[in-house]
Amino acid sequence: MQHSMIWMSTAHPGGGEQKYIDDAFNKGRLFAFGENKDGFEADLEHYLGNGNYVAALNSGTAAIHLALILMGVGPGDEVICQSLTFAASANPIVYLGATPVFVGSEPQTWNICPDALETAIKNRIAAGKKPKAIIAVHLYGMPYKVKEVHEISAKYGVPVLEDSAEALGSTYFGQKCGTFGDIAVLSFNGNKIITTSSGGAIVCKNPDDKKKALYFATQAKDPVPHYQHSSVGYNYSMSNILAGIGRGQMEVLEDRILKRRQNNIFYRDLFEALPVATVFSSFDEKGFYSNYWLTVAVFKREGDNILLMEHLRKENIESRPVFKPLHLQPVFKQSLYFGNEVAENIYNSGLCLPSGSNFTDAERERVAESIYRWYKENP
Ligand SMILES: *Cc1c(COP(=O)(O)O)cnc(C)c1O
């Protein structure tokens, strides 16, 4: 008998999503503005805490694009970006005619390495190309080294765009991820910890930036009665229907964080009993509290991650390699890279395992049994 598919990370409804959607329908508010959009923004502002202003957008990628615009990035500029991340972290740099400069990872959080970051900034300043921004990512939910990265940002006067797409619910010494950057972004794509099926948000430090983000997100209309535009705008606002999903999801966020963290414990136990891999990461004891959006295992024997992935796929269990570092991507092969081989080694040995908040006990057993069986057959 073929088992049903176990996915790595899927949408998990369960709050009052339908109620908010129905309300928008009943009122005929099928727009990219309205009560749900305002309500979702207010929920996020409340969750993140004082001093943060949130604009809900139609994707995390759109949020990064607008954040770079607010930071003044334009043609010919350079922007530093963590190499070990999803391509969406860097693509908007190219949309703007700017050039990404990639920086490697440190082994503790897997995120942007402060030493390599400083080397990169010094090198680019010496070349007369002072970077316009630093895109730092909380990969798989693990906070980057906030203190070190932001000290370098302040020292050289290069602002940080905090890519918190995977880290809603993570904290760094008690402060929520998404509140550290000069501007931050969130994603509510269907595979993230909570979702609007597709969506994102930009987190600003002042109401003015939020206003500007919403202005660019709604076609940059000048405040006059006729259609007049003094800038190029975008159609990036979040739909009022999808924002209704977001409001419902906010009601269950705490539960979703706990479930993902329990998955991580499950895999730690598994790979303690079967010591073929180590589970990323044990760094959260030091104030780095991850939502463990995805749990990643790093295999000790070369090639096991890919062979095991193929075995699991045959058993209808989805797993995936770690993101291929962006400086190794064909599309970015001309780019500068500052860093060592940490990111590449993680890519070569890591495997993302089923980590959804809807991962059941029976499914966990299936995954464990399948991994044990493969190692019995391939000792
Ligand atoms: C998902 C993701 C994005 C992009 O978000 P979308 O909502 O899918 O556009 C950006 N950066 C990282 C690190 C992500 O994981």
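Just follow the structure's listing: the first ligand is 1, and inside any ligand the first atom is 1. Values in this document were obtained by computation on a predicted structure and should not be read as measured data.
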Throw together a table of side-chain donor-acceptor distances under 3.5 angstrom for residues 333-344, partners on residues two or more places apart or in other chains.
| residue | atom | partner | partner atom | Å |
| --- | --- | --- | --- | --- |
| Ser335 | OG | Phe332 | O | 3.0 |
| Tyr337 | OH | Asn340 | O | 2.8 |
| Asn340 | OD1 | Val342 | N | 3.1 |

Only pairs under 3.5 Å count here: list side-chain donor-acceptor contacts from residues 23-31, not counting sequence neighbours, and write none if there are none.
| residue | atom | partner | partner atom | Å |
| --- | --- | --- | --- | --- |
| Asp23 | OD1 | Lys27 | NZ | 3.4 |
| Asp23 | OD2 | Lys27 | NZ | 3.1 |
| Asn26 | ND2 | Asp22 | O | 3.2 |
| Lys27 | NZ | Glu35 | OE1 | 2.7 |
| Lys27 | NZ | Glu35 | OE2 | 3.4 |

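Every protein residue with a heavy atom nearer than 4.0 Å to ligand 1 is included here: Ser59, Gly60, Thr61, Ile64, Thr85, Phe86, Ala88, Ser89, Val137, Asp163, Ala165, Glu166, Ser187, Asn189, Lys192, Gly199.
By the 6.0 Å and 45° rule, Arg261 stacks over the aromatic ring of Tyr289.
A salt bridge does not link Lys314 to Glu310: none of the charged side-chain nitrogens sits closer than 4.0 Å to a carboxylate oxygen.
Residues Ile183 and Glu162 are not in side-chain contact: their nearest non-hydrogen atoms beyond the backbone lie 4.5 Å or more apart.
Under the salt bridge (Lys or Arg N to Asp or Glu O under 4.0 Å) criterion, Asp182 pairs with no residue at all, not counting sequence neighbours.
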